[in-house]
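Contents: one structure, followed by commentary.
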Amino acid sequence: MSVLLESSSTSATMRRNFWRGVWRVMRRKPSRLAGAVILVGFAVMAVFGPMFYPEHLPRDQAAGIYAPPSVAHWFGTDGQGRDVVALVITGSRYVLLSALVTAIVTVVLGTAIGLFSGFKRGRWDTVLMRLTDMKLTIPGLPLLLVLSTIWKFGSAVEMGLLLGLLGWGGVARAVRAQTLSLRERGFIEAARGLGLSTPHIVGKELLPSMAPYIAMNMLIAVTGAVYAQVGLFFLGVLPYEANNWGVMLNLAVFGGGAMTTTAALPYMLAPLLAILLLTLGIVLVVDAMDEIFNPRLREE
């Protein structure tokens, strides 16, 4: 009983020390805190923002269509007289949920395949890496264009799953290279010499060493997923069943002539600024990842 209590106390202490280290790393550069605030803000907007608006946004008859920015409508109105900021907020849920699903699928699949391939080597490594190479040779955009003719992507989860299944190859290759390098290190050899099981070595020794790299890849996968889905909706190859930033860009450019006239320009700029701000937040947080997961750097 005392051993269990001591183990629990040690784990709690380690968690507290970790989060204190994270706080020190984030405070060291105000830009990192700004990035974290941006990401939290987008998460809150996607989760709670749409709750404050009806499913079909009302039209402001007084302001009219493509109204200029004002106190009532910070980025004006769209071609139907709806508030542009409200459209950005309600459209964020589809974009961010599908991006999160994409990142999870990409990192889980890529990390699992890369770890297993690099640690086992031999026949399994050859087979898995040939499959990965085949996956990497398939052009993503043309495949998405073909699939869009038979799959409507009305659900954000469906979109995220597909993008994740198409995007794990690069992560698998990179994780395998990291695993091949780490498996020859002294602490892995010592773990083998102690007779520790493969799951223990992979889960307790290899994974923590690659945590910064995996975390960075997850955040980068979010930006890639946002660009991919927004691009598909902007090109008009997917139906406008879901409100999102890509649909807004398409309607602003091709419906409102935002590239030739100034009337619909705020309607185009609003989702673009949201995408740029999200990317900036991710870049600023990625800057802190290596220090957060490296105890030596945290203490410097």
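Quick note: numbers below take in every heavy atom, side chains included, and nothing from hydrogens, waters or symmetry partners. Because the structure is a prediction, the values reported are computed rather than measured.
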Query raised in the report: Any idea which heavy atoms bring V84 and D78 closest together, and the distance?
Result: CG2-N, 3.9 Å
Query raised in the report: Transitively linked via ILVMFWY side-chain contacts under 4.5 Å: V222 with L161?
Result: no
Report task. Determine, step by step, whether D133 and R173 satisfy the side chain to side chain contact (heavy atoms under 4.5 Å, CB included) criterion, reporting the C-alpha distance in whole Å, the side-chain angles of both residues, the deciding distance to 0.1 Å, and the verdict. Result -> CA-CA 9 Å; D133 291 340; R173 268 286 177 192; 2.8 Å; yes
Query raised in the report: Using 30° and 60° as the class limits, which term best fits the ring planes of F42 and W245: parallel, tilted or perpendicular?
Result: perpendicular
Requested in this report: Grab the two heavy atoms, one from V95 and one from Q229, that are nearest each other, plus how far apart they are.
Outcome: O-NE2, 3.0 Å
Query raised in the report: Do R176 and L180 have side-chain heavy atoms sitting under 4.5 Å apart?
Result: yes
Query raised in the report: When rounded to the nearest 0.5 angstrom, what is the spacing between CE in M259 and CZ in F254?
Result: 9.0 Å
Query - Residues, nucleotides or ligands: over 12 heavy atoms within 6.0 Å of R130 CZ - result: yes
Query raised in the report: Under 30°, 30 to 60°, or over 60°: which ring-plane class applies to Y66 and Y267, parallel, tilted or perpendicular?
Result: tilted
Report task. Check step by step if side chain to side chain contact (heavy atoms under 4.5 Å, CB included) holds for F52 and I89. Result -> CA-CA 10 Å; F52 294 95; I89 293 173; over 6 Å; no
Requested in this report: Evaluate the criterion side chain to side chain contact (heavy atoms under 4.5 Å, CB included) for residue pair M218 and I104; output intermediate values, then yes/no.
Outcome: CA-CA 7 Å; M218 187 165 184; I104 292 172; 3.5 Å; yes
Query raised in the report: Would Y227 and L272 show up in the same hydrophobic cluster when neighbours are defined by side-chain heavy atoms closer than 4.5 Å?
Result: yes
Report summary line: Between the OG1 atom in T111 and the CD1 atom in I214, the distance rounded to the nearest 0.5 Å is 4.0 Å
Query raised in the report: Does the side chain of T132 come within less than 4.5 Å of W168's, by heavy atoms?
Result: yes
Report summary line: CG (N244) and CG (L87) are apart, to the nearest 0.5 Å, by 11.0 Å
Requested in this report: Check the hydrophobic clustering (I, L, V, M, F, W, Y; side-chain heavy atoms under 4.5 Å; chains of links allowed) and say if L235 and L249 are grouped together.
Outcome: yes
Report summary line: When every non-hydrogen atom of V226 is compared with those of A99, the smallest separation belongs to CG2-CB, 3.8 Å
Query raised in the report: Taking side chain as C-beta onward, heavy atoms only, is Q178 less than 4.5 Å from L115?
Result: no
Query raised in the report: Where the side chain of R93 meets the backbone of A46, is there a donor-acceptor pair that is under 3.5 Å apart?
Result: yes
**Report entry** Non-hydrogen side-chain atoms of T223 and L278 separated by less than 4.5 Å
**Finding:** no
Report task. Measure the shortest side-chain to side-chain distance between M159 and F233 over non-hydrogen atoms and say whether it is less than 4.5 angstrom. Result -> yes
Report task. Answer with yes or no whether the hydrophobic clustering places V247 together with L273; edges join I, L, V, M, F, W, Y residues whose side-chain heavy atoms lie under 4.5 Å apart. Result -> yes
Query raised in the report: Measuring from L219:CG to L284:CG, what's the distance to the nearest 0.5 Å?
Result: 11.5 Å
Requested in this report: Please report the closest heavy-atom contact between N217 and V171, naming both atoms and the distance.
Outcome: OD1-CG2, 3.8 Å
Report task. Tell me, with the steps shown, if L57 and D83 meet side chain to side chain contact (heavy atoms under 4.5 Å, CB included). Result -> CA-CA 8 Å; L57 293 174; D83 183 63; over 6 Å; no
Query raised in the report: Where do S117 and L128 come nearest, in terms of heavy atoms and distance?
Result: CB-CD1, 3.9 Å
Requested in this report: Find the distance between CE (M248) and CZ (F75) and round it off to the nearest 0.5 Å.
Outcome: 9.5 Å
Query - CG-CD1 distance between L277 and I282, expressed to the nearest 0.5 angstrom - result: 10.5 Å
Query raised in the report: Between A270 and V88, what is the shortest heavy-atom contact and its length?
Result: CB-CG2, 3.8 Å
Requested in this report: Taking atom CE of M51 as the centre, report whether more than 12 heavy atoms of other residues, nucleotides or ligands fall under 6.0 Å from it.
Outcome: yes
Query raised in the report: Is I220 linked to L109 within one hydrophobic cluster, defined over Ile, Leu, Val, Met, Phe, Trp and Tyr using a side-chain heavy-atom separation of less than 4.5 Å?
Result: no
